[in-house]
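Below you'll find the structure, written out as structure tokens, and then a few comments.
Quantities reported herein were computed from a predicted structural model and do not represent experimental measurements. Chain letters run A, B, ... following the sequence lines, proteins first and then strands; every chain starts at 1.
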Amino acid sequence: MLATTKPTNFIRQIIDQDLSAGKHDVIVTRFPPEPNGYLHIGHAKSIWLNFGIADDYNGKCTLRFDDTNPVKEQAEFVTAIEQDVRWLGYQWERTAHASDYFDQLHGFAVELIEKGLAYVDSLTAEKIREYRGTLTEPGKDSPYRSRSSDENREMFAKMRAGEFADGEHVLRAKIDMASPNINLRDPVIYRIRHHHHQRTDNAWCIYPMYDFTHGLSDAIEGVTHSLCTLEFEDHRALYDWLLDNTSAPCHPQQIEFSRLNLNYTVMSKRMLTQLVENGNVQGWDDPRMPTICGLRRRGFTPASVRNFIATVGITKRDNVIEMGVLENSIREDLELIAPRVMAVLRPLKVVIENYPEGEYEQIEAPNYPRDASMGTRTITLGREIYIEQDDFMEHPPDKFFRLGPGREVRLRYGFVIRCTEVIKNQSGEVMELRCQYDPDTRRGRPPEGRKVKGIIHWVSANHCVEAEVRLYDRLFSEANPQADKGRDFKQALNPGSLNILSHSKLEASLASPEPDARYQFERLGYFYADKNSGAGNLIYNRIVTLRDTWARIAG
RNA sequence: UGGGGUGUAGCCAAGCGGCCUAAGGCACCAGAUUUUGAUUCUGGCAUUUCGGAGGUUCGAAUCCUCCCACCCCAGCCA
């Protein structure tokens with residue numbers, strides 16, 4: 001069932017309460033990625049949450065890039081991220097950047113200095129770490145903590161003017177070096193980085209830190225609910241402190257929810273980057289990647305991704321979702337919209353000996369048997385066809401109701417054939433089948449006096465097109481590739497995650513697929529033309545297999 | 001051993017003191033229908049059970065206490 005009812009979760013409950021208490025008139029959220037990499041399906045959870053709330057509450061969600069670290073960020077990621085969000089089906093009024101607020105942010109920093117709530121620290125990074133204390137021991141004050149407001153203002157001005165080298169000084173909030181919450185032990189809020197910024201160019205050589213930037217940017221934008229993941233729970237105290245101690249225009253509420261985890265894959269940007277750089281996959285949009293661009297290239301629909309997120313829900317519990325849930329959501333969507341066609345992945349030639357040579361029959365096959373409005377297309381059947389290697393067994397086990405020596409099977413939309421001869425090569429491999437067909441079983445007519453349970457797909461040998469078909473399987477062969485901390489997660493990679501078949505035979509209509517169309521190759525799965533596919537070089541990606549009860553029985 | 005979180009079936013997840021002898025989805029198991037071993041449909045799937053132990057209450061998964069397990073935090077990353 002596609003989720004059509006409005007989602008409910010603890011965050012929406014908080015919003016409902018805030019609304020009925022008159023705390024806000026309009027709900028404002030934001031999706032705040034850092035433009036330092038590609039989005040993955042975990043981000044889709046946040047996008048769905050933030051944009052979905054804005055949509056349902058008639059509010060506003062802005063896409064804001066948290067571009068406060070010029071060393072890591074690039075403009076090309078901004079474009080890619082925008083494209084991904086749009087692909088998922090969301091719109092926003094304007095693209096914001098934290099860097100848009102650098103002037104205001106700088107003003108807030110000066111304000112803190114003037115209030116005696118921030119100071120320039122001249123300790124080295126190592127010393128700062130030492131002074132911070134540990135999880136169980138309090139930190140101690142920096143000797144620079146007591147600089148006067150004037151001196152701090154002057155020093156900070158010099159930092160901004162570029163008079164110091166990277167790392168010489170930082171600006172710190174003056175809170176409490178003994179706080180049990182380490183985020184409150186005088187966090188660094190500005191650092192010196194003589195580095196070109198993808199948007200502000202060389203206008204700045206000091207850049208604000210995430211904690212300082214994030215809440216204040218939320219406030220500048222009038223965000224009402226600032227939704228983030230669990231690891232920021234400890235930062236909320238700082239988020240609130242900053243808002244309470246500056247003249248920020250409002251005080252958004254930070255609410256944390258748990259990240260999305262999927263088994264048989266990894267979701268960390270660091271690990272995904274490794275896979276790309278190490279050549280384990282062919283890029284960020286490799287169809288095996290859990291990235292948005294990977295899923296897109298694989299053939300997932302935006303609706304299926306949204307529905308998947310809606311299905312797994314929003315809570316504060318750590319969770320690992322089974323791949324099967326994602327697969328179910330794409331099958332559910334495609335079942336209703338994908339035209340059915342026939343394609344033979346691993347071809348086995350069949351000659352129907354009693355079918356006249358050079359003669360063919362045209363069959364009007366429905367594009368979608370359950371819905372006539374999706375039309376039909378014509379397929380050709382003749383003496384020579386290809387069937388799937390898997391649909392023939394020389395020594396079939398019980399319950400195998402496909403083809404075997406002397407057995408009968410129906411060609412989908414065609415007639416019943418009986419296998420009369422098996423032709424093998426010298427090494428004993430089956431090369432070709434000889435069959436006889438029963439003319440009385442055309443157009444669906446059942447054979448006299450016997451039952452034919454097996455129905456197999458096929459293509460006409462003289463009317464099919466050849467294509468490369470890429471079969472994808474899970475990227476890792478272990479449910480949790482990171483389980484063993486002592487070993488490289490790449491050891492858990494599934495060597496069979498990509499299987500390329502270069503001589504598959506497809507029915508003629510697949511030579512020029514409709515743009516952005518997903519097809520069901522009957523009995524096999526759902527397929528999508530790869531971005532590099534074209535006339536004369538057809539490439540289809542398998543999105544997902546069909547459920548396959550036989551495969552389970554057969555092992 | 002400091003602080004912040006979380007614990008409901010194999011995986012998610014509703015539940016917010018009485019209508020819970022605990023929704024729903026995925027997975028799984030039976031069966032029906034089927035020219036896709038698909039889809040669809042039916043039934044089964046936590047009967048003193050909600051991490052554990054106590055307690056409050058006429059009544060608790062829901063409130064209190066203690067305990068246990070797991071996750072996050074010591075970047076001039078986000």
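- For A:Asp84, the side-chain hydrogen bond (donor to acceptor under 3.5 Å, both in side chains) criterion is met by A:Arg296, not counting sequence neighbours.
- Listed candidates were B:G37, B:A74, B:G5. Nearest to the side chain of A:Arg132 is B:A74.
- B:U8 and B:G52 are spaced 14 Å apart, taking the C1' atom of each and rounding to whole Å.
- For the pair A:Leu411 and A:Ile182, both in contact range of RNA chain B, the more 5′-proximal nearest nucleotide belongs to A:Leu411.
- A gap of 28 Å separates the P atoms of B:A23 and B:C58, to the nearest Å.
- The C1' atoms of B:G7 and B:U47 are separated by 23 Å, rounded to the nearest whole Å.
- Both A:Asp548 and A:His214 lie close to RNA chain B; mapped to their nearest nucleotides by heavy-atom distance, the more 5′-ward contact belongs to A:Asp548.
- A cation-pi contact links A:Arg474 to A:Tyr264, judged by a cut-off of 6.0 Å to the six-membered ring centre and 45° from its axis.
- Under the Watson-Crick or G-U wobble criterion, with both distances below 3.5 Å, B:U65 is paired with B:A53.
- For A:Glu507, the side-chain hydrogen bond (donor to acceptor under 3.5 Å, both in side chains) criterion is met by A:Arg377, A:Ser509, not counting sequence neighbours.
- If you look at A:Tyr540 and A:Phe521, their ring centroids are closer than 6.0 Å.
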Step by step, work out the salt bridge (Lys or Arg N to Asp or Glu O under 4.0 Å) result for A:Asp100 and A:Arg199. CA-CA 9 Å; A:Asp100 297 339; A:Arg199 295 201 85 234; 2.7 Å; yes

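- For A:Thr68, the listed nucleotide lying nearest its side chain is B:A78; candidates were B:A78, B:G5, B:G3.
- Among the atoms of the strands shown, base atoms are found under 4.0 Å from some heavy atom of A:Lys399.
- In this structure, B:A46 forms no base pair with any nucleotide, since neither Watson-Crick nor G-U wobble geometry is met with both distances under 3.5 Å.
- The side chain of A:Asp318 lies closest to B:C71, out of B:C71, B:G25, B:C29.
- At B:G25, none of the side-chain N or O atoms of A:Thr311 fall inside 4.0 Å of OP1 or OP2 (strictly under the cut-off).
- Ring-base stacking between A:Tyr210 and B:A78 is not satisfied when judged by a centre separation under 5.5 Å and a plane angle under 30°.
- Across all strands shown, A:Val320 has heavy atoms under 4.0 Å from sugar-phosphate atoms exclusively, and none from any base.
- Listed nucleotides B:C26, B:C12, B:G37 differ in distance to A:Arg402; the shortest reach to its side chain belongs to B:G37.
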